[in-house]
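Here's the structure, in structure tokens; my notes come after.
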Number of protein chains: 2
Amino acid sequence: MTHVAPDPDRAAGSLYRKVAADLREAITSGSFGDAGRLPAEGALAEQYGVSRGTVRQALAMLRADGLVTSRRGTRRVVLGSARVQSFSELLSFTHWARSMGEEPGGRLESLIRRPADAAEREQLRLEPGTDVYVTLRLRTLSGTPVMVERTVYPPRVGELVAELPPDVVSHTEPLREHGILFTDADHTIDVVAANADDARLLGCRRGSPLLREKRRTTDPTGTPVEWSQDRYLPGTVAFSIHNSLASSALSRHARDSD
Amino acid sequence: MTHVAPDPDRAAGSLYRKVAADLREAITSGSFGDAGRLPAEGALAEQYGVSRGTVRQALAMLRADGLVTSRRGTRRVVLGSARVQSFSELLSFTHWARSMGEEPGGRLESLIRRPADAAEREQLRLEPGTDVYVTLRLRTLSGTPVMVERTVYPPRVGELVAELPPDVVSHTEPLREHGILFTDADHTIDVVAANADDARLLGCRRGSPLLREKRRTTDPTGTPVEWSQDRYLPGTVAFSIHNSLASSALSRHARDSD
DNA sequence: TGAGCCAAGTTGGCCAGCCAACTTGGCTGC
DNA sequence: GCAGCCAAGTTGGCTGGCCAACTTGGCTCA
């Protein structure tokens, strides 16, 4: 399955996204040279037939993605070519795998319903006594295991997940059909030792290091919809971030608890 | 040393940064409740005596930091309290440590000058035959080793680094005095096994897992000023990121090379 | 030749206004 | 009581304009 991804920017209706998508493509294809300069904002505005404000909105996206610099007094400079963008590739293992041309797989190991503990109530903002749904899934790329995923869902979401067939590849896609939207996420990345389950599922030794990503996802209203902990075999994945003085989105912090 | 950090937002002269800083403080102090709603943009504009556009610019910062949601038709909702922001805390081990109230330390293990290899020329965009300066430093928090830092500098920067006393704590601060600015960085995070040097310096066993951050930093003109590889002892640090459909800044990618 | 000034070009920032898309709560009518 | 409509409120998006801060390259003048 080739899965040609439609450009999410161009799909959206707003002008500045179209301009941004077009510029991103031009940059990636090398139209401005490697460390070349972009046309002036005014020139781009005239070229696209939009106002300078709209061009600036588009350029702000590219700056946040690390594609161009920007400083007062001189034209913007191309920093580098496009890396994988698209928010969904970060949230969904399935989307990510497909965007690389790999075949994602998933096997549900267990799904239980039980009362939420204190940490889970805190993360998912639930009242005491509320139940949560807990899943354990093994994720594969082209058949080889790469990741163990432990996810805690609030009832509203968990009920839908429990209805899904155990061999369904993507969870986020059917959930979106039911009106569960994933729009914001907080990620924490560190190293952890494999426990007995991890070792059995991933085929590594107990205690061997895994790259861990903890993730709390919320919907547009700010309601938590998922609290997940993914453990990757080393060498299968890395996380990459761009940040700049103009707009940062990453922070390094001390590890204080689990 | 207590090192009371001045608020970088408020220090900057622009109105929207002041508004953002004020709102950030109000959110963190709980003025709007936990999952409370913010005042409307128009109300904030009137309150601060600025235009709605300026308020929107401020709110865009908070949205990018994951402090508030935003969707059309309804007021913004508070997502969570402020985590450590400030771009410099990410770039500079020293700033980061001080912001946590820890005492950062550093010991230069080696500094050599030699011709750049192919990978280094590529990363630092240097001509063949150019020399680079390579440093190996052990970083400590309150005396205990936490990280080994290997940095490759282009000549312009390396010459300045070579002049610094070997026990200087911060590199970025004196470099800034000489007009070397760090404004953009690409980070890649994964797991790696400790080599002999790592083990000796950090006091761990050879082959034991370390959290690795590779970082390429550029100045405002887009010129690379640093290519660094930091290796942290597990349990001393974690990386956290927020992203959203509105503005993402992180991408997960397959590991293909070193 | 070289240092310094200067003007043109460019981005950062701010304002005022307008309309569209969407959410929410209340009201109407069955 | 309940479903559906509707209007008010709110954010998203876009325009046009203005000035300030800064960079750059060329020109002037010693």
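Per chain, numbering begins at 1; letters A, B, ... match sequence-line order. The analysis underlying the following values was restricted to heavy atoms, covering all of them including side chains, and did not include hydrogens, waters or symmetry mates.
With dC22(C), dT23(D), dT11(C) as the choices, the nucleotide that has an atom nearest any side-chain atom of R72(B) turns out to be dC22(C). Between dG12(C), dC14(D), dT11(D), one nucleotide has an atom nearer to the side chain of E41(B) than all others, and that is dT11(D).
Within the 4.5 Å cutoff, the side chain of T183(B) has no heavy atoms near those of the T69(A) side chain. Side-chain contact between T130(A) and R121(A) is absent, with no heavy-atom pair separated by less than 4.5 Å.
Taking atom CZ of residue R56(A) and atom C1' of nucleotide dG13(C), one finds them 7 Å apart after rounding to whole Å. Summarising the geometry, the separation between CG on L62(A) and C1' on dT11(C) is reported as 15 Å, rounded to the nearest angstrom. Separating the CD atom of E46(B) from the P atom of dG17(C) is a distance of 13 Å, rounded to the nearest angstrom. Taking atom CG of residue L15(B) and atom C1' of nucleotide dG12(C), one finds them 12 Å apart after rounding to whole Å. The CZ atom of R71(A) sits 11 Å away from the P atom of dG12(C) (whole-angstrom rounding). Rounded to whole Å, atom C1' of dT23(C) lies 12 Å from atom CZ of R75(B). Here the C1' atom of nucleotide dG13(D) and the CE atom of M61(A) are 14 Å apart, to the nearest Å. The nearest whole Å value for the distance from the CG atom in L38(B) to the C1' atom in dT23(C) is 17 Å.
In this structure, Y16(B) reaches the dG13(C) phosphate: one of its side-chain N or O atoms is under 4.0 Å from OP1 or OP2. A sub-4.0 Å separation between OP1 or OP2 of dC15(C) and a side-chain N or O of S51(B) is present. Applying the 4.0 Å criterion to OP1 and OP2 of dG9(C), one finds that T74(A) has every side-chain N and O outside that range. Between S14(B) and dG12(C), a side-chain N or O to OP1/OP2 separation shorter than 4.0 Å is absent.
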Original post:
How far apart are the C-alpha atoms of H178(B) and L175(B), what are their side-chain angles, what is the distance that settles it, and do they pass the side chain to side chain contact (heavy atoms under 4.5 Å, CB included) test?
Top reply: CA-CA 5 Å; H178(B) 287 83; L175(B) 284 178; 5.6 Å; no
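When the shell of 6.0 Å around CD of E122(B) is examined, it contains 12 or fewer heavy atoms from other residues, nucleotides or ligands.
Nearest-nucleotide mapping onto DNA chain C: of G73(A) and S70(A), the residue sitting toward the 5' end is G73(A).
If you check distances only, the side chain of R52(B) does reach the base of dG12(D) with a donor-acceptor pair under 3.5 Å.
Looking at every heavy atom in both residues, M61(A) comes nearest to Y16(A) through SD-CE1, 3.6 Å.
Residue R76(B) is in sugar-phosphate contact alone, with no base atom involved, counting any heavy-atom pair closer than 4.0 Å across all strands shown.
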